Amino acid sequence: MSREILKEQLRDLIAHGKAGTMRKADEIIKIPAATYTDPARYDLEKRQVFRRLPLMLAPSCELPGLGSYKAMTVADVPVLITRKKDGSIGAFLNSCTHRGNPIAQGTGTASKFVCGYHGWTFKNDGALLGVGYAQDFGVVDKAENCLTAFPCLERAGLIWVTLDPHSQLSIEDYLCGYDEALATFGFENWHLFESRELPGPNWKVAYDGYLDFYHLPVLHAETFGADFPNRAHFYPWGPHQRVTIPTEIFSFPNSEEKIDLTSMSEDEWPDVALQSGVWTIFPHISIAGFDGGGERGVMLSQLLPGDDVDSSITRQYYLLEKEPASDEAAKGAHDQFSFLEHVVANEDYATGTRQQNALKAGLMKDVHFGRNELGGQVFHQWLERIVNASDDDLPAIFGQALAAE
């Protein structure tokens, strides 16, 4: 069914490409400029969005084997993700139930975690295994002192975690069927080639750029080229969106090769054309297709709020459909990833930082999103809806969005 949906979208893209048209919003909208610069608003977004909604915190290939783990901090919450002995994923508050010290750092493989403060030991499924110097400490109910578990889901080669242990929002409902479309990539079998972190501006300033093709031939004239198309179609699954170019001529990433999609049968359409564009997972993920070293790849960008309203942190993952077969292929993939780092750091985020600094002057009342910036409009409308929703509202909001798909 998902492949049929992608075919339907490609038919739509071809029709608009041939007609030289694009789908537009009904009107220009305004967003209060203070939403980018107000520290109180920033704290509210961390609480209402990042600490309540399911977040895509790792590709499956980052935790490839039994015992793999990843520790990270998200919206001030220390998180530990593990692959348990049965192969399933667990997600926990990375905080010893004795005195709160984090029990793991970075990534690695472990069947158990020993707290470096007093020696309490936990299994990688969160169970308390042992108390340091138990004969002196006193009687402890181990079942009552397991690591705090977070709701989590592994689907389509990606791992979602909700940072509210009492959340009533189903992760499946939250995805609105988007995971079925993402599953067509087969990310569970892809290879994690490289990853890195980049500092950036306010998280919304940064994220607006991932939904925006309008800027491509202007800001990226010296890298992607001044003739790069700046029109985009937006296909929603609830708040999640695919952003891609309406055209009947498909250009392969990082290649001079082009194909006329109207000259072949639909069954001959290549996956890379069916899955083209930028796939965004609300509120903080972008997946964009590239080739490197002759292998098909994507750059998965995980954007998280930084230490204050003016900053963010982006973890970039470069995933390849197949592991490079030679040193030459590996070098090609590395060079491509380095090029993308340059584009994001020195063009997108450098511009975003200047934009953030200008907005902080407080002299602009609003920023504008045009009729050709439908993706940004949808993002900010969903963001406002979530920020103002109660905990009890969330299941109904996404249940309705799922029913509408």
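Predicted model, so just to flag it, every value in this text is computed and none were measured. The first residue of the sequence shown is numbered 1, and numbering continues consecutively from there.
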Looking at [Y] and [X], is there a salt bridge between them, counting it only when a charged N and a carboxylate O are closer than 4.0 Å?
X: R385; Y: D393; answer: no
X: R47; Y: D43; answer: no
X: E180; Y: R155; answer: no
X: K7; Y: D267; answer: yes

* Pair Q275, R3: side-chain N/O donor-acceptor within cut-off below 3.5 Å ->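 Note: Q275 and R3 side chains miss the donor-acceptor criterion.
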
Between [X] and [Y], is the gap from one ring center to the other below 6.0 Å?
X: W269; Y: F250; answer: no
X: F228; Y: F213; answer: no
X: F379; Y: F282; answer: yes
X: F337; Y: H342; answer: no

* To do: Carefully, step by step, assess Y174 and W160 under the rule ring pair (Phe, Tyr, Trp, His ring centres under 6.0 Å).
  => CA-CA 10 Å; Y174 174 76; W160 280 267; 8.3 Å; no

Where does the angle between the aromatic ring planes of [X] and [Y] fall among parallel (under 30°), tilted (30 to 60°) and perpendicular (over 60°)?
X: F137; Y: W120; result: perpendicular
X: Y178; Y: W237; result: tilted
X: F398; Y: W382; result: parallel
X: Y207; Y: Y210; result: tilted

Pairwise side-chain contact, [X] with [Y], heavy-atom cut-off 4.5 Å (strictly under):
X: Y235; Y: R23; value: yes
X: F185; Y: W279; value: yes
X: L163; Y: V79; value: yes
X: D76; Y: P305; value: no
X: M22; Y: H16; value: no

Closest heavy-atom pair and its distance - [X], [Y]:
X: C96; Y: F122; value: SG-CE1, 3.8 Å
X: I287; Y: L158; value: CD1-CD1, 4.5 Å
X: P64; Y: C61; value: CD-O, 3.6 Å
X: S2; Y: A181; value: OG-N, 3.5 Å
X: A58; Y: Q302; value: N-NE2, 3.9 Å
X: A104; Y: L80; value: CB-CD1, 3.8 Å

* Out of T82, L153, L57, I159, which residue meets the side-chain contact (heavy atoms from CB on, under 4.5 Å) rule with I89? -> I159

* Given Q48, which of K46, E45, R52 fulfils the side-chain contact (heavy atoms from CB on, under 4.5 Å) condition? ->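 That would be R52.
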
* Pair E266-L261, side chain to side chain contact (heavy atoms under 4.5 Å, CB included): steps then yes or no -> CA-CA 8 Å; E266 293 185 359; L261 296 168; over 6 Å; no

* Could you go through the side chain to side chain contact (heavy atoms under 4.5 Å, CB included) check for F193 and H334 one step at a time? => CA-CA 8 Å; F193 178 69; H334 176 78; 4.1 Å; yes

* To do: Step through the shown structure and confirm whether more than 12 heavy atoms of other residues, nucleotides or ligands are within 6.0 Å of CG on D136.
  =>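 Enclosed: over 12 neighbouring heavy atoms sit under 6.0 Å from CG of D136.
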
* Partner of R315 by salt bridge (charged side-chain N to carboxylate O under 4.0 Å, His left out), out of E62, E194, E197 -> E197

If you look only at distance, which donor and acceptor atoms sit under 3.5 Å apart when one is on a side chain in residues 361-374 and the other is two or more places apart or in another chain?
| from | atom 1 | to | atom 2 | distance (Å) |
| --- | --- | --- | --- | --- |
| R371 | NE | A25 | O | 2.7 |
| R371 | NH2 | A25 | O | 3.4 |
| E373 | OE1 | G370 | N | 2.7 |

